[in-house]
Amino acid sequence: MHNGTTITQFIIEEQRKIEGATGDFTSLLNDIVTACKVISNMVNKGELIGVLGSAGSENVQGETQKKLDILTNEVFLRSNEWAGHLSAMASEEMDEIYEIPGQYPRGKYLLTFDPLDGSSNTDVNVSVGTIFSILRCPGERVCPNLDAFMQPGVQQVAAGYALYGPSTMMVLTTGNGVNGFTLDQDIGEFILTHPDMTIPADTREFAINASNMRFWEAPVQRYVNECLAGTEGPRGEDFNMRWIASMVAEVHRILTRGGIFMYPVDDKMKATGTEGKLRLMYEANPMSFIVEQAGGASSTGRERIMEIAPKDLHQRVPVILGSKNEVERVVGYHAETAAEA
Ligand code: AHM
Ligand code: MG
């Protein structure tokens with residue numbers, strides 16, 4: 001017997017607050033939760049079931065796929081295609097959108113997801129996660145064309161992630177704050193353990209892949225150099241640094257104790273015509289929604305991520321998110337550099 005609120009109970013109680021809610025959305029979230037439980041189990045078993053290592057294939061972004069990238073993508077498709085809540089899905093691991101097959105009814109929502117973010121970490125047994133975002137299908141349902149997905153992040157209905165770490169957790173927003181649930185493996189249920197998660201406005205901890213330092217733009221160089229200068233520098237305080245190479249784990253840390261996470265655009269990316277590393281639809285938008293709902297901020301350095309009008313399903317964007325005052329500082333440095341130019 002548990003004595004907490006299960007995620008199902010939580011979602012149903014949220015649904016009751018919305019006049020005219022049909023239960024469609026609640027049911028969709030339940031299917032996503034089931035998919036994440038299956039993935040949690042797969043990731044947890046690891047080499048016992050032979051799922052680690054490379055699949056020897058490439059995804060649309062030219063990245064080598066792990067076996068788990070492909071398997072977890074399948075789990076998400078199978079869990080979410082049958083129930084009649086969606087008209088299409090899009091995934092980091094698939095070139096094209098996935099229309100709900102003809103044998104199933106189609107519904108009014110669209111789902112985008114990164115089934116296993118940070119998957120390079122699976123082979124070294126470090127935390128990974130699943131990220132998802134729910135959009136409403138514009139106009140008539142059953143219109144699963146690419147254009148339907150080209151909505152800015154502000155139009156997301158819900159976003160969340162599952163973190164497969166020492167505990168498996170699910171963190172969710174439906175635009176009414178952020179709540180965290182921990183999977184109780186014994187009863188197979190996510191239990192509300194982290195109600196109303198908020199990000200402190202100030203932080204003394206930053207996360208960035210510093211091996212790219214020589215390619216960064218001036219405002220990011222300036223910000224990180226000032227942090228590194230510590231008590232002797234303009235900030236007058238020492239900073240701490242983290243880099244897990246798993247965005248879900250970084251965002252979770254920031255939701256727990258604050259911090260700033262940056263994957264900025266750099267000269268190396270610009271030379272190849274890319275605008276960032278992380279993907280707008282599967283990573284940047286859902287994480288921005290969660291971070292903003294928890295009181296944090298999220299920007300490319302030049303604009304609010306959730307206001308970007310998407311041009312392409314697999315579009316990449318610079319990401320600077322976390323504690324509000326620090327994000328605003330980095331955005332301010334970008335503005336100063338632009339004004340000087
Ligand atoms: P992935 O979706 O292919 O796993 O890539 C996204 C990941 C993020 O989770 C993480 O923040 C970043 O890539 C790590 O990049 P790097 O390898 O440059 O450290
Ligand atoms: Mg990813």
Side-chain angles (χ1 to χ4, degrees), residues 36 39 43 51-55 57-73 75-76 89-95 111-133 153 159-165 169 171 205-216 220 224 241-255 259-270 272 274-291 298 300 305 313-322:
C36 292
I39 295 173
V43 168
V51 294
L52 300 189
S54 168
S57 52
E58 279 191 358
N59 67 9
V60 62
Q61 3 252 330
E63 297 161 338
T64 308
Q65 287 179 304
K66 297 277 179 192
K67 286 183 203 161
L68 274 169
D69 286 323
I70 296 169
L71 291 167
T72 55
N73 193 63
V75 169
F76 242 72
M89 295 185 243
S91 158
E92 186 177 305
E93 302 302 334
M94 296 185 298
D95 300 9
L111 177 64
T112 75
F113 57 90
D114 179 355
L116 202 63
D117 183 61
S119 56
S120 67
N121 275 336
T122 50
D123 293 345
V124 292
N125 201 13
V126 169
S127 298
V128 286
T130 298
I131 311 172
F132 63 88
S133 161
Y161 63 77
L163 170 62
Y164 315 112
M169 286 194 66
V171 170
E205 192 164 71
F206 67 96
I208 190 163
N209 184 343
S211 71
N212 297 319
M213 190 168 218
R214 66 190 187 284
F215 304 114
W216 294 340
V220 176
V224 173
M241 199 203 82
R242 287 285 183 275
W243 188 250
I244 309 174
S246 192
M247 190 193 196
V248 177
E250 318 268 10
V251 168
H252 192 72
R253 184 187 61 251
I254 290 170
L255 280 168
I260 180 167
F261 167 90
M262 291 174 281
Y263 217 120
V265 63
D266 64 32
D267 292 343
K268 201 168 58 174
M269 295 171 190
K270 285 193 236 167
T272 60
T274 332
E275 285 175 55
K277 152 118 190 183
L278 299 172
R279 272 106 333 186
L280 178 62
M281 306 300 282
Y282 321 109
E283 295 163 330
N285 267 341
M287 289 311 205
S288 299
F289 192 18
I290 293 167
V291 164
S298 181
T300 63
I305 286 178
L313 196 59
H314 298 291
Q315 183 172 346
R316 294 171 188 260
V317 291
V319 174
I320 298 164
L321 60 75

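Bear in mind the structure is a predicted one, so any value in this text is a computation, not a measurement. In listed order, ligands and their atoms are each counted from 1.
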Counting the benzene-type ring for Trp, do Trp243 and Phe206 have ring centres under 6.0 Å apart? no

Looking at Asp117, the N, O or S atom sitting nearest the Mg ion (ligand 2) is OD1

As an exercise, identify every atom of ligand 1 less than 4.0 angstrom from a heavy atom of Met247. 8 (C), 9 (O), 10 (C), 11 (O)

Just need the protein heavy atom nearest to atom 6 (C) of ligand 1, so name the residue and atom and give the distance. Asp117 OD1, 3.3 Å

Mind checking whether Tyr263 has an N or O less than 3.5 Å away from an N or O of ligand 1? yes

For Lys67 versus Leu52, what's the shortest heavy-atom pair and its separation? NZ-O, 3.2 Å

As a check for students: among Lys66, Glu92, Met262, identify the option with a heavy atom nearest to atom 3 (O) of ligand 1. Glu92

Taking every non-hydrogen atom, the tightest pair across Phe76 and Cys36: CE1-SG, 4.1 Å

Looking only at N, O or S atoms, which one in Asp114 sits nearest to the Mg ion (ligand 2)? OD2

Quick check: are there more than 12 heavy atoms from other residues, nucleotides or ligands sitting under 6.0 Å from CG of Asn125? no

Stepwise side-chain contact (heavy atoms from CB on, under 4.5 Å) check, Lys66 with Leu116: CA-CA 9 Å; Lys66 297 277 179 192; Leu116 202 63; over 6 Å; no

Pull out every atom of ligand 1 sitting under 4.0 Å from any heavy atom of Ser119, numbered as shown with elements. 4 (O)

Does the N or O separation between Phe261 and ligand 1 drop below 3.5 Å for any pair? no

Salt bridge flag under 4.0 Å for residues Asp267 and Lys270: yes

Ligand-residue contact atoms, ligand 1 with Glu283, heavy atoms, under 4.0 Å: 2 (O), 6 (C)

Note: ligand 1 atoms sitting under 4.0 Å from heavy atoms of Ser246 are 9 (O), 10 (C)

Determine the minimum heavy-atom distance between Arg279 and His314, stating which atoms define it. CG-O, 3.8 Å

Of all the N, O or S atoms in Glu92, which has the shortest distance to the Mg ion (ligand 2)? OE1

On a heavy-atom basis, which atom in Ala159 and which in Phe289 lie closest, and how many Å separate them? CB-CD2, 3.7 Å

Top protein contact for atom 5 (O) of ligand 1, by heavy-atom distance: Arg279 NH2, 3.4 Å

Would Val248 and Val128 satisfy side-chain contact (heavy atoms from CB on, under 4.5 Å), going step by step from the backbone distance to the final call? CA-CA 7 Å; Val248 177; Val128 286; over 6 Å; no

Could you identify the single nearest non-hydrogen protein atom to atom 4 (O) of ligand 1 and state the distance to 0.1 Å? Gly118 N, 2.7 Å

Could you check whether Asn73 and Ser91, counting side-chain N and O atoms only, form a donor-acceptor pair closer than 3.5 Å? yes

Would you mind listing which atoms of ligand 1 come within a distance below 4.0 Å of any non-hydrogen atom of Trp243? 14 (C), 19 (O)

Starting from atom 13 (O) of ligand 1, find the nearest protein heavy-atom neighbour and note its residue, name and distance. Lys277 CE, 3.2 Å

What closest approach, in Å, do Pro318 and Val265 show between heavy atoms, and which atom pair accounts for it? CB-N, 3.6 Å

Polar contacts were defined as any N/O atom of the residue lying under 3.5 Å from an N/O atom of the ligand; does this apply to Ser120 and ligand 1? no

Give the atom name of whichever N/O/S atom in Glu283 sits closest to the Mg ion (ligand 2). OE2

Looking at Asp114, which atoms of ligand 1 are within less than 4.0 Å of one of its heavy atoms? 2 (O)

Is the closest heavy-atom distance from Tyr282 to ligand 1 below 4.0 Å? no

Please verify whether a non-hydrogen atom of Leu278 lies at under 4.0 Å from ligand 1. yes

So which heavy atom on Gly259 is nearest to which on Ile254, and how close? O-CG2, 3.6 Å

